[in-house]
Amino acid sequence: MSSHDLQAELSLIRAANPVSVPVELIRAKRTAGAAFSLACDCSGLEDKEIYMALDLDAGTFSRIRKGTNTLAGDLVARFCDVVGNHIYVEWLAYQIGCGLVMLKSEAERRAESFEQALKEERIKTAALIEALRASR
């Protein structure tokens, strides 16, 4: 074996392109493989970038795209993060007559955190003002 054969390939980290896809287009897909492929295609990433990020081999990834395999449940959240969309899970939810609803956006979570910190700072400020008034 040459030294090239022994070198491991480094995975490239590239963010997916955020794309808005009409829910009707997602629901029109007939198979899980078609929905999975749409999610991959909309990401703007190469297949290799996706399956390497998920620690899948090329053959398994190809079978998932064709619809002869399915994505393991414990990989679904990571898959959505990698491709930057929820197309696949939106399609899955639709299969049982449901839709996806974001419980809380990241912005809402951050706003709540800042509001809590502000509330704590106001309590500290009020205590300091009271202490200054008492010392006069």
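Side chains included, hydrogens not; waters and symmetry mates left out as well; all remaining heavy atoms used.
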Seminar exercise, completed: Closest non-hydrogen contact found for Asn17 with Gly44 is ND2-CA, 3.8 Å
Problem set entry | Over all atoms of both residues, closest heavy-atom pair of Val19 and Cys42 | CG2-O, 3.3 Å
Problem set entry | Path from Val89 to Val23 over hydrophobic side-chain contacts below 4.5 Å | no
Seminar exercise, completed: Between the CD atom in Glu90 and the SG atom in Cys80, the distance rounded to the nearest 0.5 Å is 10.5 Å
Exercise. Same cluster for Leu38 and Tyr94 if Ile/Leu/Val/Met/Phe/Trp/Tyr side chains link at under 4.5 Å?
Worked result: no
Exercise. Looking at OG of Ser113 and CG of Leu118, how far apart are the two atoms once the value is rounded to the nearest 0.5 Å?
Worked result: 11.0 Å
For this session: Calculate, to the nearest 0.5 Å, the distance between atoms CZ and OG1 belonging to Arg65 and Thr31 respectively.
Result: 11.5 Å
Exercise. What residues form a salt bridge (charged side-chain N to carboxylate O under 4.0 Å, His left out) with Lys124, not counting sequence neighbours?
Worked result: Glu121
Problem set entry | Any donor-acceptor pair under 3.5 Å from Thr68 side chain to Arg63 backbone | yes
Problem set entry | Residues that Arg110 engages under side-chain contact (heavy atoms from CB on, under 4.5 Å), provided they are two or more places apart | Glu106, Phe114
For this session: List in chain and number order the residues that pass ring pair (Phe, Tyr, Trp, His ring centres under 6.0 Å) with Phe36, two or more places apart in sequence or in another chain; answer none if no residue qualifies.
Result: Phe61, Phe79, Tyr88
Problem set entry | Contact summary for Gly84 and Ala16, nearest pair of heavy atoms | N-CB, 3.8 Å
Exercise. To the nearest 0.5 Å, what is the distance between CG (Leu71) and CG (Asp74)?
Worked result: 8.5 Å
For this session: Enter the distance from Asp47:CG to Ser37:OG here, rounded to the nearest 0.5 Å.
Result: 8.0 Å
Exercise. Can Ile50 be reached from Val76 by stepping across I, L, V, M, F, W or Y side chains whose heavy atoms are under 4.5 Å apart?
Worked result: yes
Seminar exercise, completed: Taken to the nearest 0.5 Å, the spacing of Leu54 CG from Ile64 CD1 works out to 8.0 Å
Exercise. With a 3.5 Å cut-off and no angle check, do the side chains of Thr125 and Arg122 form a donor-acceptor pair?
Worked result: no
Problem set entry | Shared hydrophobic cluster for Met52 and Leu75 (ILVMFWY, side-chain gaps under 4.5 Å) | yes
Exercise. More than 12 non-hydrogen atoms from neighbouring residues, nucleotides or ligands closer than 6.0 Å to CD on Glu46, yes or no?
Worked result: no
Exercise. Side chains of Glu112 and Gln116: do they bring a donor and an acceptor to under 3.5 Å?
Worked result: no
